[in-house]
S.K.: 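Dropping the structure in here first, questions after.
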Number of protein chains: 2
Amino acid sequence: MATIYQVSDLAGVSLATVSRVMNNNAKVSDKTKQKVLDAMKELGYRPNATARSLASNRSDSVGLLVPELHGPFFGQMMGGTESELRDAGKHVIITTGHSDVDKEVDGIEFLLSRNCDALILHVEAVSDEYLIELHKGKVPIVIINRYIEEMADRCITLDNALGGYLITKSVLEKGHREIAYISGPKWKDDSNQRIKGHKKALEEFNVPFNEQLMYQGDFTQTGGCDGLTSLLDAGIPFTALVCGNDEMASGVLATARQKGMDVPKELSVTGFDNIIYASLLFPTLTTIDYPIRQMGHMAAKLVLKDVYDKKKLEIRHQFIPKLVERNSAIIV
Amino acid sequence: MATIYQVSDLAGVSLATVSRVMNNNAKVSDKTKQKVLDAMKELGYRPNATARSLASNRSDSVGLLVPELHGPFFGQMMGGTESELRDAGKHVIITTGHSDVDKEVDGIEFLLSRNCDALILHVEAVSDEYLIELHKGKVPIVIINRYIEEMADRCITLDNALGGYLITKSVLEKGHREIAYISGPKWKDDSNQRIKGHKKALEEFNVPFNEQLMYQGDFTQTGGCDGLTSLLDAGIPFTALVCGNDEMASGVLATARQKGMDVPKELSVTGFDNIIYASLLFPTLTTIDYPIRQMGHMAAKLVLKDVYDKKKLEIRHQFIPKLVERNSAIIV
DNA sequence: TTGTAAGCGTTATCAT
DNA sequence: ATGATAACGCTTACAA
């Protein structure tokens, strides 16, 4: 691999001049510039990002931490962030946290040690305090899908409570009064916000909340399967089943079919997220649209604005969920 | 951020000793080692990976290039690779190629410039020659889902032709003789291999291949929608529709339902890949299982073996597709 | 076992 | 406009 030395040699100029040409951040005469460019081409020179980053303390890359690499949800988020940054000539370094404190911290430290210019984090295990502390450090961070008062201007969130409210309200408006709920894990904030919205809607319709119609799932398909089975076994009747996300709803649909239940005739089912295949399920899933890709884009824009001086970008911190009515929930 | 200097100061030892402790690759007395560790803890020292990598020409991280970050297929692949490497204490740096030559090359150069210890590539636009050339360089590379004779020992592939053969054979065995096909893009190798298998099966059953029952799609859901519409419009009857992948098949299912066609009674449909929601579609999709997550794991293992000296790992270069029979294809 | 010092490939601050 | 040269934070012979 050719280095800057060899380029400067071949071009007959100093190191500094070569550096100036690559960064074009200082006047270099057209003639010498051309000599340098020619030398670079001839040698197939590619700057060493590591050395560059060590010397300049910049890296033109931003770290991205997601819980998992697979799954429809994070895929969209990563895609949004990456494309936005790439268009700006920046690179993204992705790593995972697996919703585990140690792994999240480890991932963050990895990204920091790589000299990322900024961090975009979708973390769920690490504490608010840790993030606030981290925020005081030198590297700007953006939190996605989590709201922390003390650093509100660094957060990109969805109003999950509103979403929870909207979906349950739509079920109530269809006449349902016996409504079961499969939630996400209790320790996840978005999960709780959705439940909060759910309860608010119930209250508005004077429907008492029944703890026995609540099952705590884990946001996976299997969780939905288990949830339906468990709720059915409990023996308390319900005509609608609101799920904390689409993946669990898809598990519910599959299990219901297996048990010979007709959705939506015997049971209305709803999801949350509007993942890519929600409209491909049978029946097509009534759900809440979660503009996660756009939010990924926005997180990137926030970084571009703050770190890379794209002043004119408009930042929007909170996104609004929307009801998407399809065929899995009907009038009772 | 504390540096190695401050640690050596506080511990009262030399730079080199601190370095030895962090890498524990040379004898250090227990006493001094403890002093160093204490100093590190006290300062909250975190080694600077950039400097480390510059000095040692290693980075403990491997570059991963995928066409897209979203989608069920690559998500599984990245997940497999990442978890395998992470368990070995290595990190993965992910970037995208978007099936575009320039972007793929750009992505590869980015990874190289980051000093990755190895590259795992899922590339489709770049030429064989380019990869062969790249392979001659200093950084070991692994190619996933693409077979290149000259570097067969660096490739992890699936026998796509066999898969294409198996799925069409299963349809033929159900008595179908008028079989339409929606393929992936012509310029993708896997797409062509699948077609090749398809044709072989037809031949075996003495069914002439009909070019007019062939539609070239793009491996996306929309491609499937358009494909079905186009094939129907052509007016040539068919009782089965074999799709080049599951995403297109899902588009076909949705469009068929929209048109009031009953799948599988009026039309048998098959996919390829067995993506995560293939069993959630209605009807559940008969398809070919593509063990992409395992292949992601294997690519990582190949790197671990070659680059990180885990000698005992067993490497498997070619994976075998398996027929998964569900409900979308029935006896005619 | 420990220390010294020369890199690693850049950037950036001075001079000129 | 260009050139020397000292960082950047670490690894690694080579000495001691």
S.K.: Could you go through the salt bridge (Lys or Arg N to Asp or Glu O under 4.0 Å) check for B:K90 and B:D117 one step at a time?
M.R.: CA-CA 10 Å; B:K90 308 300 172 188; B:D117 297 336; 5.8 Å; no
S.K.: Please confirm whether the ring centroid of A:Y290 lies under 6.0 Å from the ring centroid of A:F73.
M.R.: yes
S.K.: For B:M22 and D:dC10, what is the distance between atoms CE and C1' respectively, to the nearest whole Å?
M.R.: 8 Å
S.K.: Between C:dG7 and A:Y5, is there an OP1 or OP2 to side-chain N/O distance shorter than 4.0 Å?
M.R.: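 For A:Y5, the contact criterion (side-chain N or O under 4.0 Å from OP1 or OP2 of C:dG7) is not met.
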S.K.: On the nucleotide D:dG3, are OP1 or OP2 found under 4.0 Å from the side-chain N or O atoms that A:T17 carries?
M.R.: yes
S.K.: Not counting sequence neighbours, which residues clear salt bridge (charged side-chain N to carboxylate O under 4.0 Å, His left out) with B:E82? List them please.
M.R.: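 With neighbours one apart ignored, the set is B:R86.
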S.K.: Does B:T32 put a side-chain nitrogen or oxygen below 4.0 Å from OP1 or OP2 of C:dT2?
M.R.: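 For C:dT2, OP1/OP2 do have a side-chain N/O of B:T32 under 4.0 Å.
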S.K.: Using whole Å, report how far CD1 of B:I4 lies from P of D:dG9.
M.R.: 11 Å
S.K.: Answer yes or no: side-chain N or O of B:R20 and base N or O of C:dG3 forming a donor-acceptor pair under 3.5 Å.
M.R.: yes
S.K.: What is the distance, rounded to the nearest whole Å, between atom CG of B:N23 and atom C1' of D:dT11?
M.R.: 8 Å
S.K.: Round to the nearest Å and state the distance from B:L112 atom CG to C:dG9 atom P.
M.R.: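 Result: 15 Å.
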S.K.: Any base atoms under 4.0 Å from A:N57, or only sugar-phosphate, or nothing? Heavy atoms, all strands.
M.R.: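 No contact at all - A:N57 keeps every heavy atom at 4.0 Å or more from the nucleic acid.
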S.K.: Starting from the C-alpha separation in whole Å, work towards a yes-or-no answer on side-chain contact (heavy atoms from CB on, under 4.5 Å) for A:L111 and A:T95.
M.R.: CA-CA 8 Å; A:L111 295 174; A:T95 188; 3.8 Å; yes
S.K.: Would you kindly give the CZ-to-P distance between B:R114 and C:dG9, to the nearest whole Å?
M.R.: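 In whole Å, C:dG9 P and B:R114 CZ are 16 Å from each other.
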S.K.: Report, as yes or no, whether the 6.0 Å neighbourhood of atom CG on A:D30 holds more than 12 heavy atoms from other residues, nucleotides or ligands.
M.R.: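 Not more than 12 within 6.0 Å, no.
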S.K.: Could you tell me how far apart A:Q6 (CD) and C:dT10 (C1') are, to the nearest whole angstrom?
M.R.: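 It works out to 14 Å between those atoms.
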S.K.: Does anything in residues 24-31 of chain A reach DNA chain C, meaning a heavy atom under 4.0 Å, and if so which residues?
M.R.: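 Residues of residues 24-31 of chain A under 4.0 Å from DNA chain C: none.
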S.K.: Using whole Å, what does the distance between atom P of nucleotide C:dA6 and atom CG of B:L15 come to?
M.R.: 13 Å
S.K.: Taking OP1 and OP2 of D:dT11, is either one under 4.0 Å from a side-chain nitrogen or oxygen of B:S56?
M.R.: no
S.K.: Mark yes when over 12 heavy atoms from residues, nucleotides or ligands other than A:K305 sit less than 6.0 Å from its NZ; otherwise mark no.
M.R.: yes
S.K.: Please check the phosphate of C:dT11 (OP1 and OP2 only) for any side-chain N or O of A:S19 closer than 4.0 Å.
M.R.: yes
S.K.: Is the CG atom of B:L15 crowded by more than 12 outside heavy atoms at less than 6.0 Å?
M.R.: yes
S.K.: Which nucleotide sits closest to the side chain of B:R52: C:dG3, D:dG3, D:dT11?
M.R.: D:dT11
S.K.: Does A:T81 reach the side chain of A:I94, with side-chain heavy atoms less than 4.5 Å apart?
M.R.: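 Result no, sub-4.5 Å side-chain heavy-atom pair not found.
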S.K.: Give a yes or no on this: more than 12 heavy atoms of other residues, nucleotides or ligands lie within 6.0 Å of atom CG of B:N25.
M.R.: yes
S.K.: Starting from P on C:dT2, measure out to NZ on B:K33 and report it in whole angstrom.
M.R.: 10 Å
S.K.: Taking the six-membered ring of B:F219 (Phe, Tyr or Trp), confirm whether the NZ or CZ of B:K188 is under 6.0 Å from its centre and within 45° of its axis.
M.R.: no
S.K.: For a quick check of understanding: with a heavy-atom distance under 4.0 Å over all strands, which category does B:V18 fall into, base, sugar-phosphate or nothing?
M.R.: nothing
S.K.: Using C1' atoms of five pairs at each end, report the bend of the helix from C:dT1-D:dA16 to C:dT16-D:dA1 rounded to 10 degrees.
M.R.: 40°
